[in-house]
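One structure is given here, and the rest of the page talks about it.
Nothing fancy with the numbering, it's 1 onward along the sequence. Hydrogens, waters and symmetry mates play no part in the numbers below; they use all other heavy atoms, side chains included.
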Amino acid sequence: MTIESPRKFRVGISLSGGGAKGIAHLGVLQALEECGFKPQVIAGVSAGAIIGALYADGKTPQEICQFFKDSSFFKFVKIVVPKKGVMSTERFYNLLDGFLTAKTFEELQMPLTINATELIEGKNVYFNSGSLVDKIVASSSVPIFLTPKEMEGKVYVDGGIFCNMPAKVIRQDCDILFGVHVNPIVTEGSIDGMMDVMERVYHLAIQSSTVSEKRACDVVIEPVEARNYGMFDISKTQEIFDIGYRAAMVKLHQPDIQKKLEQIKAQW
């Protein structure tokens, strides 16, 4: 006899921000599917919001990977005269809008929650309904690098400032909650140039926001090798995908993790 889960979904996943390192999320999703843990609900921020939306739209990890291979970062953005950011997100918006089937959260094939930072009031905001692409762009607009997204009189930037791995927001809906954090802080061998400095400061500033979110997850996967890639290394898509896949497979086959997941599955 099958016992119905008291929660809405058996498997959920939280996807962190991380620029191009977020492509590792795709490898993790591929590994989870192969191991019988296909997510049914997603929360994501920044790069995780992009990957999460495309996956919730019904795209496979391999299809999304190919999308990034075919689209260099400089098709996503264009350099602008600095006002509020170095690059415009107009092309990014158009490219994403063209690839997504769903135009609203309600049209997605599975529930999705993403977060962004509202600059005027200085707070974290979650979105799970209404128009889709503008919210993804808002969640992904890394301060300084990309121009903020303005919606209904408010100004939004990357949600990672306050919450760079939104897990608690869907915790109560999931029997098993996986968290994928692609921004582990490690000692840097060298920091060369302004872009490296900006990226490092940004990552250090948002690191603390993940601590309590990780605790909310049953399993946290951190593709540590992804640290070797920069925020805009879209050209390394397959390499980063493979890093995520390997990290997930190693984690999922650890005896203690297998035991924990089997104990939860036994209740289904």
Side-chain angles (χ1 to χ4, degrees), residues 12-25 39 41-57 76-77 84-85 87 89 92-93 96 100 104-105 108 111-171 173 177-185 198-199 201-217 220 222 226 231-232:
I13 192 166
S14 171
L15 305 175
S16 77
K21 290 188 282 289
I23 294 168
H25 292 317
V41 59
I42 303 173
V45 62
S46 198
I50 299 169
I51 301 296
L54 294 173
Y55 190 73
D57 196 41
F76 288 172
V77 299
K84 298 178 181 178
M87 301 176 224
T89 54
F92 169 38
Y93 182 104
L96 195 58
L100 279 164
T104 66
F105 283 84
L108 292 169
L112 170 71
T113 297
I114 64 179
N115 60 295
T117 298
E118 203 287 296
L119 275 181
I120 305 302
E121 296 182 31
K123 64 180 183 180
N124 187 47
V125 178
Y126 290 102
F127 300 108
N128 57 20
S129 64
S131 58
L132 181 60
V133 179
D134 54 351
K135 311 298 193 335
I136 299 171
V137 172
S139 179
S140 310
S141 295
V142 181
I144 309 301
F145 292 105
L146 302 178
T147 52
K149 178 64 177 176
E150 297 186 23
M151 298 185 295
E152 299 179 353
K154 296 188 176 182
V155 181
Y156 296 90
V157 294
D158 194 325
I161 293 173
F162 286 116
C163 182
N164 198 41
M165 198 186 81
K168 290 187 285 187
V169 68
I170 59 170
R171 169 69 271 185
D173 291 334
L177 179 58
F178 293 96
V180 189
H181 181 236
V182 300
N183 269 325
I185 294 297
M198 291 165 65
E199 184 174 346
V201 169
Y202 175 70
H203 288 156
L204 290 172
I206 66 176
Q207 180 67 14
S208 63
S209 71
T210 65
V211 176
S212 63
E213 301 293 333
K214 288 180 183 179
R215 294 192 186 118
C217 300
V220 176
E222 289 190 295
M231 188 175 290
F232 305 130

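Taking the side chain as every heavy atom from C-beta outward, Leu132 and Asp57 never approach each other to under 4.5 Å. Counting heavy atoms from C-beta outward, Tyr93 and Lys149 have side chains that approach closer than 4.5 Å. Taking the side chain as every heavy atom from C-beta outward, Val41 and Thr113 never approach each other to under 4.5 Å. For the pair Asn128/Val169, no side-chain contact is recorded, criterion being any heavy-atom separation below 4.5 Å from C-beta on. In this structure, the side chains of Phe127 and Ile136 stay at 4.5 Å or more apart for every pair of heavy atoms.
Summarising the geometry of Phe162 relative to Gly122, their closest heavy-atom pair is CZ-O, 3.4 Å, with the distance given to 0.1 Å. A pairwise comparison of heavy atoms in Leu177 and Ala167 identifies CD2-O, 3.6 Å as the closest pair. Shown here for Ala43 and Pro166, the closest heavy-atom pair between the two residues is CB-O, 3.1 Å. Summarising the geometry of Ala47 relative to Gly18, their closest heavy-atom pair is CB-N, 4.0 Å, with the distance given to 0.1 Å. Between Phe105 and Leu112 the shortest heavy-atom distance is CD2-O, 3.4 Å. Pairing each heavy atom of Ser46 with each of Ser139, the nearest pair is N-OG, 2.8 Å.
Judged purely by atom type and a 3.5 angstrom limit, Asn183 uses its side chain to pair as donor or acceptor with the backbone of Gly17. Distance alone, capped at 3.5 Å, is enough to place a donor-acceptor pair between the Thr117 side chain and the Asp158 backbone. Remark: the backbone N or O of Cys163 is paired with a side-chain donor or acceptor of Asn115 at under 3.5 angstrom. In this structure, the side chain of Glu118 does not engage the main chain of Lys123 through any donor-acceptor pair within 3.5 Å. Side chain of His181 to main chain of Asn164: no donor-acceptor pair is present (N/O by atom type, distance under 3.5 Å, no hydrogens or angles).
Interatomic distance, CG of Leu119 versus OG of Ser141, reported as 9.5 Å (0.5 Å rounding). We find the CE-CG distance between Met151 and Asp134 to be 5.0 Å, quoted to the nearest 0.5 Å. Here Ser129 contributes atom OG and Leu108 contributes atom CG; the two are 11.5 Å apart, rounded to the nearest 0.5 Å. For the atom pair His25 NE2 and Ile50 CD1, the distance stands at 9.5 Å (nearest 0.5 Å). Between Tyr55 atom OH and Ile13 atom CD1 the span is 8.0 Å, to the nearest 0.5 Å. Note that the NZ atom of Lys214 and the CD atom of Glu222 stand 3.5 Å from one another [nearest 0.5 Å].
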Inset, instruction - Step by step, work out the side chain to side chain contact (heavy atoms under 4.5 Å, CB included) result for Val137 and Tyr156. - result: CA-CA 9 Å; Val137 172; Tyr156 296 90; over 6 Å; no
Inset, instruction - Please report the C-alpha distance between Lys168 and Ser14 in whole Å, then the side-chain angles of each, then the deciding distance to 0.1 Å, and finally whether the side chain to side chain contact (heavy atoms under 4.5 Å, CB included) criterion is met. - result: CA-CA 9 Å; Lys168 290 187 285 187; Ser14 171; over 6 Å; no
Legend entry - Check against side chain to side chain contact (heavy atoms under 4.5 Å, CB included), Val182 and Ile23: CA-CA 9 Å; Val182 300; Ile23 294 168; over 6 Å; no
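Side-chain atoms of Lys135 and Ser131 form a donor-acceptor pair, as typed in the model, at a separation below 3.5 Å.
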